[in-house]
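When reading the values below, keep in mind they use all heavy atoms of this one structure, side chains included, and skip hydrogens, waters and symmetry mates.
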Amino acid sequence: MLPESCLYLWYVFEKMWDIRYTLPLELCSITLVLSIIMLFNRSILLYQILYFAGIGVAILYMTWIENYKPTWKSIGITMIFLNVILVFVGSVDSLLHANYMFLLHKPDTVSILDFLGPYPYYLIFEELIAIVIFIVIFLPFIVGRKKVAILSK
């Protein structure tokens, strides 16, 4: 959180802070704040969401040290969470004429989104890609359960 705080201070001191571009409404900023809350509250709900949407140090700690594990249901919970955030951030985008999370249009520069079709279709493809990625990062738990089941027979 310290680097994120320093970034926002830098924006202010350099007179670069602009409500349309520098609010912490990108997914990495949101998951950073939620990771801190998860660590303090030991929230299984936030763990399930953050395992897929914001994998990082806090999630690894909760998995390896606290023995939290995601489930198939966690993927659904995460997709619901991401779509709720999408509605919230999209509303802010509309009110501020901003484009957080590229919900209103693709970035002006070349990006991977260029391969996913025009607006709004690229948003649908992003959701499908997210589900595939979530299943891939859930695979170690599926394989691990099968190994335990085989070893216990």
Q | 4.5 Å side-chain heavy-atom contact, F88 and L25 | A | yes
Q. What residues form a side chain to side chain donor-acceptor pair (under 3.5 Å) with T22, not counting sequence neighbours?
A. W17
(Q) To the nearest 0.5 Å, what is the distance between OG on S35 and CZ on F40? (A) 12.0 Å
Q) Any side-chain heavy atom of V89 sitting closer than 4.5 Å to one from E26? A) no
Q. Can you tell if the side chain of Y68 reaches within under 4.5 Å of the side chain of I59, non-hydrogen atoms only?
A. no
Q | Student check: side-chain heavy atoms of T31 and I49 closer than 4.5 Å | A | no
Q: Give a yes or no on this: more than 12 heavy atoms of other residues, nucleotides or ligands lie within 6.0 Å of atom CZ of F125.
A: no
Q: Would you give the length of the straight line joining atom CG of L139 to atom CD1 of I135, rounded to the nearest 0.5 angstrom?
A: 8.0 Å
(Q) Tell me if the centroids of the rings in Y51 and F141 come within less than 6.0 Å of each other. (A) yes
Q.
Looking at L60, is its backbone amide N or carbonyl O close enough to the side chain of T63 to form a donor-acceptor pair, meaning the two atoms are under 3.5 Å apart?
A. no
Q. Are L9 and L23 connected in the hydrophobic side-chain network, where two residues link if heavy atoms are under 4.5 Å apart?
A. no
Q: Give a yes or no on whether M79 and V136 share a hydrophobic cluster (residues Ile, Leu, Val, Met, Phe, Trp, Tyr; joining criterion: side-chain heavy atoms under 4.5 Å apart).
A: no
Q | Verify same cluster id: L82, I80 (apolar side-chain graph, 4.5 Å) | A | no
Q) Do the side chains of L116 and I129 get nearer than 4.5 Å, heavy atoms only? A) yes
Q. To the nearest 0.5 Å, what is the distance between OG (S74) and CZ (F134)?
A. 11.0 Å
Q: Give, for atom CG of D93 and atom CZ of R20, the distance between the pair rounded to the nearest 0.5 Å.
A: 11.5 Å
(Q) If hydrophobic residues (ILVMFWY) are linked whenever their side-chain heavy atoms come closer than 4.5 Å, directly or via other members, who joins V110 in its cluster? (A) none
Q. Closest heavy-atom contact between I19 and Y100?
A. O-OH, 2.7 Å
Q. Under 3.5 Å, is there a donor-acceptor pair linking the side chains of S91 and S94?
A. no
(Q) If you apply the rule side-chain contact (heavy atoms from CB on, under 4.5 Å), what do you find for F52 with F138, and how did you get there? (A) CA-CA 8 Å; F52 297 106; F138 183 60; 3.9 Å; yes
Q: Check L27 against A53 and note the closest heavy-atom contact, atom names and distance.
A: CD2-O, 4.1 Å
Q: Determine yes or no for a side-chain-to-main-chain donor-acceptor pair under 3.5 angstrom, with Q48 supplying the side chain and P70 the backbone.
A: no
Q | Residues clustered with V57, ILVMFWY side-chain links under 4.5 angstrom | A | none
Q. Taking atom CG of L113 and atom CZ of F102, what is their separation to the nearest 0.5 Å?
A. 7.0 Å
Q: Taking the side chain as every heavy atom from C-beta outward, state whether F81 and I30 have any pair of such atoms under 4.5 Å apart.
A: yes
(Q) Starting from F115 and following side-chain heavy-atom contacts under 4.5 Å between hydrophobic residues (I, L, V, M, F, W, Y), which residues can be reached? (A) I112
Q. So do W10 and M16 actually touch side chain to side chain, heavy atoms under 4.5 Å?
A. yes
(Q) Using the rule that Ile, Leu, Val, Met, Phe, Trp and Tyr join whenever any side-chain heavy atoms are under 4.5 Å apart, tell me whether L7 and V12 fall into a single cluster. (A) yes
Q | Nearest heavy atoms of A98 and L104, plus distance in Å | A | O-CD1, 3.2 Å
Q) Is there any salt bridge (charged side-chain N to carboxylate O under 4.0 Å, His left out) pair reaching into residues 47-67, and which pairs are they, with sequence neighbours excluded? A) R42-E66
Q. Is the backbone of S43 close enough, under 3.5 Å, to the side chain of N41 for a donor and an acceptor to pair up by distance?
A. no
Q: Determine, using the 4.5 Å side-chain heavy-atom cutoff (strictly less than), whether I65 and L50 are members of one ILVMFWY cluster.
A: yes
(Q) Filter on side-chain hydrogen bond (donor to acceptor under 3.5 Å, both in side chains), then keep only pairs touching residues 104-133, sequence neighbours left out; what's left? (A) N83-E127, N99-H105
Q) Atom CD1 of I77 and atom CG of L46: how far apart are they, to the nearest 0.5 Å? A) 10.5 Å
Q. Taking it one step at a time, do M38 and L45 satisfy side-chain contact (heavy atoms from CB on, under 4.5 Å)?
A. CA-CA 9 Å; M38 176 198 62; L45 175 62; over 6 Å; no
(Q) Less than 4.5 Å apart, side chain to side chain, heavy atoms only: is that true for Y8 and P24? (A) yes
